[in-house]
Number of protein chains: 2
Amino acid sequence: MALKSFIDVLPNSHFPIQNLPFGVFKPEPSSAPRPGVAIGDYVLDLSEIASAGLFDGPILKNSDCFQQPNLNKLLALGRPAWKESRITLQKLLSSTEPKLRDNANLRQKALVPMNKVELLLPIAVGDYTDFFSSMHHAKNCGTMFRGPENAIPPNWFHLPIAYHGRASSVVISGTDIIRPRGQGYPSGTSPPYFGPTLKLDYELEMAAVVGSGNELGKPVNVNEAADHIFGLVLMNDWSARDIQAWEYVPLGPFLGKSFGTTISPWIVSLEALEPFACAAPKQDPLPLPYLAEKVSRNYDIQLEVEIKPAGVEDSTVVTKSNFKHLYWTLTQQIAHHTINGCNLRPGDILGTGTISGPEPDSLGCLLELSWNGQKTISLKGATRKFLEDGDEVIITGFCKGDEYTIGFGTCSGKIVPPLP
Amino acid sequence: MALKSFIDVLPNSHFPIQNLPFGVFKPEPSSAPRPGVAIGDYVLDLSEIASAGLFDGPILKNSDCFQQPNLNKLLALGRPAWKESRITLQKLLSSTEPKLRDNANLRQKALVPMNKVELLLPIAVGDYTDFFSSMHHAKNCGTMFRGPENAIPPNWFHLPIAYHGRASSVVISGTDIIRPRGQGYPSGTSPPYFGPTLKLDYELEMAAVVGSGNELGKPVNVNEAADHIFGLVLMNDWSARDIQAWEYVPLGPFLGKSFGTTISPWIVSLEALEPFACAAPKQDPLPLPYLAEKVSRNYDIQLEVEIKPAGVEDSTVVTKSNFKHLYWTLTQQIAHHTINGCNLRPGDILGTGTISGPEPDSLGCLLELSWNGQKTISLKGATRKFLEDGDEVIITGFCKGDEYTIGFGTCSGKIVPPLP
Ligand SMILES: [Ca+2]
Ligand SMILES: [Ca+2]
Ligand SMILES: [Mg+2]
Ligand SMILES: [Mg+2]
Ligand code: NI
């Protein structure tokens, strides 16, 4: 029988005692931000647990990492500290452990109803990198812009392609996304279009949150790379396709992306995801030795994207995909990112790239679903080619086990018009 | 007659009382990092000046911005605070002001010989952006890779192209640069090369240090953009040309750049550069309204790059260029960067891109000078196509006036082999 908490957790909850994802929250609007874990419909306030002396393991006993406005200090402590915190909290929240269960005063202070709290960005993001690791997404985009013969660029099967994203505009789920202005692709010899983007899109992604970093000049071995990952979040890499198409040659995406990137508030650890690990796709050609790993793994994480237009009661699921479709693994991404000596730091995020699957309903962005505006997508009460003002985009992700669900909650954002 | 300091400053010094660039330093190896300004061969310790109560203006009187390990807090205070600090320090260091001049005890504590201090990265870099604003550089690189007909991409004259760089690997002048490993461009149908880069290069650049930022969603007006710039530094955007050529399609440079970017320690303010302002090149076609500025200005900053191979006594000047060659101005870069709502933060850096001029000896990187390895460059005691282990690259920059020089000092780095 599965481990149980003394806190009631509904069978379909994303946050059973097996999950315990980390986030940062404010219990009251005037409170200082502090770390917490999600348990059922509650947030456990880790600053209170630490103050009560309940982190009594050797690494965390005297640490102030739970009295911080973000998780970066905990992340920097490394995997042994993360394991210790998970073991401590799983024990503390279990049905058989009286320390918190029978302490009404501490329960009152430390367990805050989730619907009362404000969730904040859990990390101070140092650098944000976005990969391009779904073969289906690469193939579809390439076919659209370069034709089926040259769809996937020749480097794609040799290395996990990536670009640097903008860290300053990474925002927490629930933050409105202001429609960006910019230059759009001109037709023929006319000058470029200027104004609010006409092709605003979402990109269904997940992101690895870097825990412990590496020193400048010292690459991370692919077989040890998992130790550098604190956990995963959902990510929406909002994209303005007209701005992107005009600007991206030869130096890559810039203003077509940098107006906002949304992540979900709860970081789910690799330990919690472990029961849902699965084999990664077979790679052909074989990768170079620095990318060849002893065991190449993905996770079976079901992903969905819904769009809810303003004034329409129901949202419509537009994408159903799965993390396991990714060609390049998280550990290969880290080995590649650092092979030149580049240093990762605690709190960096590594986006997977748009996670498209092989089926027509598994395409991870409107660019693919509408085939760059050539097809119309039917929603309940509306049709779309790209996003309109008032549209809310909601990403969900979860691993469904026999006895429990390990979920990520949601990653959402609503489009609002630019300031006058 | 020009303003004079009570401190002896040699006529060719980069750091007369008219300059007063800001940096961060440690007076002793065990000291805490603190802000300072350069004056002649000395560093003035601003933490001591603040502790002595000599920042007595209305904005800085009670501020702890000079008791910080970086300049970010001063930067966030905005232009009025920067102006106040400059006026205060220029007065304090002038030959006619007794407060510091006649206080032997304070002079002893606050004036540290520059050759005794360790200079540190002056800012915590939030995001690092690199532009591509030299027409000569764009034309040369384009001609090399796409032929003279398609040399400059059609978007180039409409917008200042840029990409996000890697903030974590920005290092201070004097830091060794470890030759990166990676995948190089394959020839014909052979698999990609793997190993230490065979085409290691420097890029002569300058960078604007962002002072006050802007809110997400609120673009900066091009005519107000100068207020967001704290000052300028020299920058070397080290580049591995073989890695870059293989990886950069379609998402831009990544590992070919992210192994290290060197900046000079002293941030020279726009106030100090003001006497050297000059008209920017005429732009044709006229830029879109959001990029059209009332006055379009560059600065007349002479730039030189020297290479000093290991074991060779003399360095050789390989590039002589000038900041004034840039087509897109710093203010246009900021207006473009934020037009989509992207937020800049204090301490962000904006590289200009390689500053090549029109003359054969004004090319800002070895890629151009050796025409991608087709020509050999003669140095005193050696020849080069790209950089070899042990080579030291030294960038210098200065504005030469009739009565004084406003200089940036140097921005240097030595190539060392990768770790085994
Ligand atoms: Ca993406
Ligand atoms: Ca560059
Ligand atoms: Mg984005
Ligand atoms: Mg670089
Ligand atoms: Ni044109």
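Naming convention: chains lettered A, B, ... in sequence-line order (proteins, then strands); numbering from 1 in each chain.
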*Asks:* Is there a donor-acceptor contact under 3.5 Å linking the side chains of D348(A) and S168(B)?
*Replies:*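 Short answer, no.
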*Asks:* Name the member of L255(B), L288(B), L419(B) that forms the most heavy-atom pairs with chain A at distances under 4.5 Å.
*Replies:*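 The option with the most such pairs is L255(B).
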*Asks:* Taking N155(B) for its side chain and V249(A) for its backbone only, find out whether a donor-acceptor pair lies under 3.5 Å.
*Replies:*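 Answer holds: yes.
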*Asks:* What residue, out of R179(B), E247(B), K218(B), H336(B), has the most heavy-atom pairs lying under 4.5 Å from chain A?
*Replies:*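 Going by pairs under 4.5 Å, I would pick H336(B).
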*Asks:* Which pair of non-hydrogen atoms, one from Y248(A) and one from P250(B), has the smallest distance, and what is that distance?
*Replies:*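 Closest approach of Y248(A) to P250(B): CD1-O, 3.3 Å.
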*Asks:* Sort out for me which of G213(A), P418(A), G165(A) touches chain B most, counting heavy-atom pairs under 4.5 Å.
*Replies:*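 Counting heavy-atom pairs under 4.5 Å, the top option is G165(A).
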*Asks:* Hey, can you tell me if F254(A) and H337(B) have their rings parallel, tilted or perpendicular (30° and 60° cut-offs)?
*Replies:*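 Ring orientation of F254(A) relative to H337(B): perpendicular.
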*Asks:* Working to the nearest 0.5 Å, report the span between SG of C342(A) and NZ of K257(B).
*Replies:*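 Result: 14.0 Å between the selected atoms.
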*Asks:* When you measure from the side chain of R181(B) to the backbone of P219(A), do you find a donor-acceptor pair of N or O atoms at a distance under 3.5 Å?
*Replies:*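 Looks like no, no N/O pair under 3.5 Å.
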*Asks:* Given that the side chain runs from C-beta out, which part of I177(A) has a heavy atom under 4.5 Å from chain B: side chain, backbone, both or neither?
*Replies:*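 Nothing of I177(A), per the 4.5 Å heavy-atom cut-off to chain B.
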*Asks:* Looking only at side-chain N and O atoms, does Y290(B) offer a donor or acceptor that is under 3.5 Å from a partner on Q183(A)?
*Replies:*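 A pair is found: one side chain offers a donor N or O, the other an acceptor, under 3.5 Å apart.
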*Asks:* With a 4.5 angstrom heavy-atom cut-off, could you sort out which part of P153(A) is near chain B: side chain, backbone, both or neither?
*Replies:*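 Just its side chain gets close to chain B.
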*Asks:* Roughly how far apart are N343(B) CG and F259(A) CZ, rounded to 0.5 Å?
*Replies:*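 CZ of F259(A) is found 12.5 Å from CG of N343(B).
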*Asks:* Please confirm whether the backbone N or O of A167(A) pairs with a side-chain atom of D127(B), one donor and one acceptor, at under 3.5 Å?
*Replies:*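 Here the side-chain-to-backbone pair exists.
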*Asks:* Side chain, backbone, both or neither: which part of I339(A) has a non-hydrogen atom closer than 4.5 Å to chain B?
*Replies:*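 Contact with chain B is through both the backbone and side chain of I339(A).
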*Asks:* Going from CG on L251(A) to CH2 on W156(B), what distance comes out if it is rounded to the nearest 0.5 angstrom?
*Replies:*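 L251(A) CG to W156(B) CH2: 11.5 Å, rounded to 0.5 Å.
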*Asks:* Please find the pair of heavy atoms, one from V171(B) and one from L216(A), that lie closest to each other, and give the distance.
*Replies:*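 Taking every non-hydrogen atom into account, CG1-CD2, 3.7 Å.
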*Asks:* Ignoring hydrogens, what is the shortest heavy-atom contact between P253(B) and H164(A)? Give both atom names and the distance.
*Replies:*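 Smallest interatomic distance, heavy atoms only, reads O-CD2, 4.1 Å.
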*Asks:* Checking R166(B) side chain against T129(A) main chain: does a donor-acceptor pair fall under 3.5 Å?
*Replies:*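 Answer holds: no.
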